[in-house]
Visitor: 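Dumping the structure here so I can ask a few things about it.
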There are 2 protein chains.
Amino acid sequence: MSTRRDAVRQALTESSGFRSAQDLYADLRADGSKIGLTTVYRALQALSDSGQVDVLRTDEGEAVYRACDTESHHHHLVCRVCSTAVEIEGPAVEKWAVEMGAKHGFTGVTHTLEVFGTCARCS
Amino acid sequence: MSTRRDAVRQALTESSGFRSAQDLYADLRADGSKIGLTTVYRALQALSDSGQVDVLRTDEGEAVYRACDTESHHHHLVCRVCSTAVEIEGPAVEKWAVEMGAKHGFTGVTHTLEVFGTCARCS
DNA sequence: TCACGTTTTGACAATCATTTTCGTTTTCGT
DNA sequence: ACGAAAACGAAAATGATTGTCAAAACGTGA
């Protein structure tokens, strides 16, 4: 739809890692865009609502976003230094989570799982 | 050491779920304590630094704490409604995470994993 | 018990990411 | 081109968390 949202999506796509809203805003402005911070937040909200970008929280509680190749369920292997991420899958974990939930009487089970480390380039 | 820190630890222990600093502060004050919010944050910081309590972030980015039975590595099955949590282990997942890291050249691999659902009582 | 240096505490101010508010500008359909 | 609806952006508001700093509690040696 909007040119602004596309700009945000593209800024995100140009990075292979997770980026914060403030980050993206700074990048866009640095590239000459007159976009406002509010719009960046709105775009990211819309993109994550529609499942086009993944969101996760840093240890400090800041939200970071990533435009992933697939919209299907997956996890990430994230570099602690440069935040670059690789999409990974773990079928066994999915099953394990559901089983654990059932075992303790929990319904509607979901889970969050992220793997962190230092990538080859940053080592 | 301090009575204050013990008060926070106990307030946390009395709950089987994850609680936020603001939450604990409200509880303590409601119980008649004159403790300050700053002190609650300091106590939680110290307790988590020493590994006596586990911390995780809600979707909204708020930090929530829990006094777990074990200090060894484990994960949680958390009720989405009442936040009660059960400590769970997944040996297979631990190995999987490390393997995934190695496969992509990542070193110093760690991971975060939490399972969410609605507990039997809240269903 | 008293004086004094150290640690802990709590009221209040400062931060900082994120959200709201609210005019203004653009976009679209007709 | 025209008006309604959607998108924008600047600035103010929010809310959790942290920093500051003076007062209070503690411990200890005299």
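Chain letters run A, B, ... following the sequence lines, proteins first and then strands; every chain starts at 1. This is a predicted model, so every value here is computed, not measured.
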Visitor: How many Å lie between CG on Leu44(A) and P on dC8(D), as a whole number?
Guide: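 These atoms are roughly 12 Å apart.
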Visitor: Quick one: Tyr25(A) OH to dA10(D) C1', roughly how many Å, whole number?
Guide: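 Answer to the nearest Å: 9 Å.
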Visitor: Can you name the residues that form a side chain to side chain donor-acceptor pair (under 3.5 Å) with Gln22(A), not counting sequence neighbours?
Guide: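 Only Tyr41(A) meet the side chain to side chain donor-acceptor pair (under 3.5 Å) criterion with Gln22(A).
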Visitor: Let me test you: for the helix from dT1(C)-dA30(D) to dT30(C)-dA1(D), what is the angle between the axes at its two ends (five pairs each), rounded to 10 degrees?
Guide: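 Overall, the helix from dT1(C)-dA30(D) to dT30(C)-dA1(D) bends by 20° from one end axis to the other.
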Visitor: Whether the Gln10(B) and Asp6(B) side chains hold a donor-acceptor pair (N or O, under 3.5 Å, no angle test) is what I'd like checked.
Guide: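 Short answer, no.
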Visitor: What is the distance, rounded to the nearest whole Å, between atom CG of Asp23(A) and atom P of dT18(C)?
Guide: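 So the CG-P distance, Asp23(A) to dT18(C), works out to 10 Å.
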Visitor: Strictly by salt bridge (Lys or Arg N to Asp or Glu O under 4.0 Å), give each pair with a member in residues 74-101 of chain A just once, sequence neighbours left out.
Guide: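 The answer is Arg66(A)-Glu87(A).
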Visitor: Distance check needed: dA17(C) C1' versus Asp59(A) CG, whole Å only.
Guide: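 Atom-to-atom, Asp59(A) to dA17(C), this comes out as 16 Å.
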Visitor: Answer yes or no: is there a side-chain heavy-atom contact under 4.5 Å between His75(B) and His111(B)?
Guide: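 Side-chain contact under 4.5 Å: yes.
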Visitor: Provide, to the nearest angstrom, the distance between the CD atom belonging to Glu60(A) and the C1' atom belonging to dT15(C).
Guide: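 Rounded to whole Å, this separation is 14 Å.
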Visitor: Any protein N or O atoms within reach of nucleotides 14-22 of chain D? Criterion: under 3.5 Å, listing atom names and distances.
Guide:
unit_1: dT17(D); atom_1: OP1; unit_2: Ala63(B); atom_2: N; d: 2.8
unit_1: dT17(D); atom_1: OP2; unit_2: Tyr41(B); atom_2: OH; d: 2.6
unit_1: dT17(D); atom_1: O5'; unit_2: Tyr41(B); atom_2: OH; d: 3.4
unit_1: dG19(D); atom_1: O6; unit_2: Thr38(B); atom_2: OG1; d: 3.2

Visitor: Check step by step if side-chain contact (heavy atoms from CB on, under 4.5 Å) holds for Ile35(A) and Val40(A).
Guide: CA-CA 7 Å; Ile35(A) 197 170; Val40(A) 173; 3.9 Å; yes
Visitor: Looking at Thr39(A), does any N or O in its side chain come under 4.0 Å of the phosphate oxygens OP1/OP2 on dG9(D)?
Guide: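 Looking at the OP1 and OP2 atoms of dG9(D), one of them is under 4.0 Å from a side-chain N or O of Thr39(A).
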Visitor: Are any non-hydrogen side-chain atoms of Arg9(A) and Leu47(A) less than 4.5 angstrom apart?
Guide: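 Side chain of Arg9(A) against side chain of Leu47(A), heavy atoms only: contact under 4.5 Å found.
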Visitor: Taking salt bridge (Lys or Arg N to Asp or Glu O under 4.0 Å) as the cut-off, I'd like each qualifying pair that reaches into residues 101-115 of chain B, sequence neighbours left out, listed once.
Guide: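 Checked against salt bridge (Lys or Arg N to Asp or Glu O under 4.0 Å) - neighbours excluded - no pair reaches residues 101-115 of chain B.
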Visitor: Measuring to OP1 and OP2 of dT26(C), would you say a side-chain N or O of Arg4(A) lies under 4.0 angstrom away?
Guide: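 No.
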Visitor: Can you check ring-ring contact (aromatic ring centres under 6.0 Å, His included) on His76(A) and Phe116(A), steps first, answer last?
Guide: CA-CA 8 Å; His76(A) 305 96; Phe116(A) 299 93; 9.7 Å; no
Visitor: How would you list, by chain and number, every residue that makes a side chain to side chain donor-acceptor pair (under 3.5 Å) with Arg29(B), sequence neighbours excluded?
Guide: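 Testing Arg29(B) for side chain to side chain donor-acceptor pair (under 3.5 Å), a comparison that skips the adjacent residues, returns none.
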Visitor: Between C1' on dG10(C) and CG on Leu28(B), what's the gap in Å once rounded to a whole number?
Guide: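 These atoms are roughly 14 Å apart.
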